[in-house]
Amino acid sequence: MLRAPGFLYRNQELYCERVPLTALAAKFGTPLYIYSAMTIRERFRAFDRAFGRARHTVCYSVKANSNLAVLGLLHRLGAGFDVVSGGELARVLKVDRRAGEDVVFSGVGKTAAEIAAALRAGIMMFNVESESELAVLARTAARAKRTARVALRVNPHIETETHPYISTGLREHKFGVAIEQAREIYARIREEKYLEAAGISVHIGSQITDMEPFRQAMLRVAELARQLTSDGHRIRYVDAGGGLGISYQGEDDFAARVQAYAQAVLAPLRGLKVHLLLEPGRALVGPAGALLTRVLYIKTNDHKRFVVVDAAMNDLIRPALYAAYHEVVPVVNRDGTSRTEVDIVGPVCETGDFLARDRQMPTLSEGELLAVLDTGAYGMSLASNYNTRGRPAEVMIEGAKARFIRPRETAADMMRGERK
Ligand code: LLP
């Protein structure tokens with residue numbers, strides 16, 4: 001059963017929208033990232049609609065998938081952007097020079113140069129994560145004679161049931177400042193001529209499927225907003241961050257899920273006159289992507305069966321890094337064949353290089369194609385050149401059309417700039 005509507009079987013063959021994946025492999029080779037434009041569009045609209053008439057901007061979190069075609073599509077749909085580096089900001093500005101106005105800049109380690117570039121781009125808001133960063137921002141803004149709108153990223157100390165590497169809302173994490181210290185820091189912001197305390201931001205982690213932590217976080221943020229207002233600040237924005245999870249296994253009723261999420265975020269803010277910002281990444285693009293790969297070899301070592309494919313941990317690191325589950329399906333389906341347990345592994349020289357472990361799969365043959373599903377988020381954006389493997393090519397499917405949106409990296413690309 002495939003959950004993403006962009007990927008479906010027709011006559012036992014896997015398609016992305018109206019294009020068969022076998023045709024894409026023949027034309028562009030493997031490994032190949034394939035994105036369904038329709039899926040991104042539908043998910044963005046469902047997300048946006050869930051917040052209804054509440055004043056809000058959906059600032060897509062660029063880190064999830066930063067290909068210019070993805071950013072362009074979301075920009076045309078009306079998205080703003082959440083960036084965490086000068087590089088991501090440059091990508092947004094490449095899509096549209098004026099898109100900077102709808103950008104929020106997050107991250108614990110912004111450099112003065114990155115801050116200056118963001119000021120020049122006239123971004124909407126800096127999500128500041130420490131007092132030291134605030135000092136650099138004040139200095140840089142004064143030098144540029146431009147007022148920086150600031151939201152302090154507060155840490156609400158909320159437990160989330162997600163992988164420890166992607167949970168961020170606890171005291172011991174490097175993100176944000178303790179919510180208890182916020183009032184004091186906002187008082188200091190007010191003394192800076194080129195800083196404006198415009199908002200409050202929060203982000204509690206990623207791949208969160210229980211809505212209660214979101215509600216808890218917003219309750220604390222709402223309370224702080226009321227305190228700050230009574231302190232005389234004009235808090236115009238509340239940035240709720242990202243983190244809404246997807247179903248990597250089983251059904252995914254996205255419309256229902258995003259509605260529950262919107263409820264959890266909006267209810268605590270009732271009565272506050274703020275513009276809500278949201279920073280979804282995975283929820284918009286995760287299910288819109290698949291990684292297409294070809295079986296190279298099948299081997300058995302001491303009763304264990306390995307399917308060696310041409311995609312590896314450098315192309316998709318989530319299984320190795322977070323023990324993440326991704327469904328792997330044959331591109332040419334067959335009903336009724338018996339299943340065997342296999343590990344699907346890549347060519348990289350690491351035991352951790354697997355895409356799936358102990359997975360029941362139909363009998364596979366060398367040369368056939370597999371699709372690794374739900375890889376539109378944190379797939380290509382986390383890809384590397386480890387083992388000097390070129391990163392995959394990318395295509396964006398729109399109905400019956402395939403747009404080639406990034407070529408496969410060559411050995412020459414990877415050695416560019418090096419000296420022997
Ligand atoms: N806003 C901030 C401040 C963030 O740190 C993140 C993600 C997001 C928004 C977007 O979160 P999303 O809606 O995509 O959950 N590489 C990991 C995920 C790391 C997320 C980091 N921050 C993975 O593959 O699961």
Side-chain angles (χ1 to χ4, degrees), residues 1-10 14-19 21 24 31-50 58 60-67 69-71 73-74 77 79 162-163 166 206-209 211 242-262 278-293 311 315-319 322 324-331 333 355-356 370-383 392 394-399 402 405:
M1 194 34 213
L2 295 176
R3 298 167 316 279
F7 293 88
L8 70 170
Y9 283 105
R10 280 197 197 129
L14 188 58
Y15 278 65
C16 179
E17 302 194 16
R18 302 212 312 272
V19 183
L21 268 56
L24 292 172
L32 177 71
Y33 272 108
I34 302 166
Y35 309 120
S36 155
M38 173 194 76
T39 307
I40 296 176
R41 198 176 294 120
E42 283 179 0
R43 294 180 80 89
F44 177 84
R45 289 195 177 131
F47 195 102
D48 197 42
R49 247 196 324 266
V58 179
Y60 167 67
S61 193
V62 172
K63 65 174 82 65
N65 186 323
S66 54
N67 188 291
V70 172
L71 303 185
L73 173 60
L74 285 162
L77 289 168
T162 186
H163 190 280
I166 56 178
S206 195
Q207 185 49 21
I208 297 167
T209 49
M211 300 304 134
L244 178 63
I246 61 172
S247 298
Y248 285 99
Q249 271 173 288
E251 289 299 304
D252 179 25
D253 182 350
F254 185 58
R257 187 192 291 253
V258 76
Q259 258 157 37
Y261 171 70
L278 300 138
E279 303 175 355
R282 183 190 326 258
L284 299 186
V285 297
L291 174 60
L292 185 62
T293 182
D315 305 303
L316 176 67
I317 203 173
R318 302 195 72 257
Y322 316 111
Y325 179 98
H326 283 274
E327 191 118 15
V328 183
V329 297
V331 166
N333 199 13
L355 299 177
L370 301 176
V372 188
L373 302 182
D374 301 315
T375 48
Y378 307 110
M380 185 62 173
S381 65
L382 272 166
E394 295 174 286
V395 288
M396 171 88 82
I397 307 302
E398 177 90 63
I405 57 172

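Relative to the ring axis of Phe254, Arg43 places its NZ or CZ within 45° and under 6.0 Å from the centre.
Side chain of Gln207 to main chain of Ile246: a donor-acceptor pair is present (N/O by atom type, distance under 3.5 Å, no hydrogens or angles). Side-chain atoms of Ser381 come within 3.5 Å of backbone atoms of Lys63 as a donor-acceptor pair (strictly under, hydrogens ignored). Here the side chain of Thr293 pairs no donor or acceptor atom with the backbone of Leu370 at under 3.5 angstrom. Panel note: side chain Glu279, backbone Val58; no donor-acceptor pair is recorded below 3.5 Å. Between the side chain of Ser61 and the backbone N or O of Ala64 there is no donor-acceptor pair closer than 3.5 Å.
At a threshold of 4.5 Å between non-hydrogen side-chain atoms, the residues Leu316 and Tyr378 do not count as touching. Between Leu73 and Tyr35 there is no side-chain heavy-atom pair separated by less than 4.5 Å. Counting heavy atoms from C-beta on, the side chains of Ile34 and Phe7 come closer than 4.5 Å. Leu291 is listed as a side-chain neighbour of Pro31, based on a closest heavy-atom distance under 4.5 Å. Arg45 is listed as a side-chain neighbour of Leu77, based on a closest heavy-atom distance under 4.5 Å.
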Handout entry: Intermediate values then yes/no, salt bridge (charged side-chain N to carboxylate O under 4.0 Å, His left out), Arg41 and Glu398
Key = CA-CA 11 Å; Arg41 198 176 294 120; Glu398 177 90 63; 2.8 Å; yes
Practice task
Let me see the working for Leu14 and Asn333 under side chain to side chain contact (heavy atoms under 4.5 Å, CB included), right down to the final yes or no.
Solution key: CA-CA 8 Å; Leu14 188 58; Asn333 199 13; over 6 Å; no
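Using the six-membered ring where Trp is involved, Tyr248 and His326 have ring planes that are perpendicular, over 60° apart on the 30 and 60° scheme.
Between the CG atom of Asp315 and the CG atom of Leu292 there is a distance of 11.5 Å, given to the nearest 0.5 Å. Here CG of Asn65 is found 7.0 Å from CD1 of Ile40. Values are rounded to the nearest 0.5 Å.
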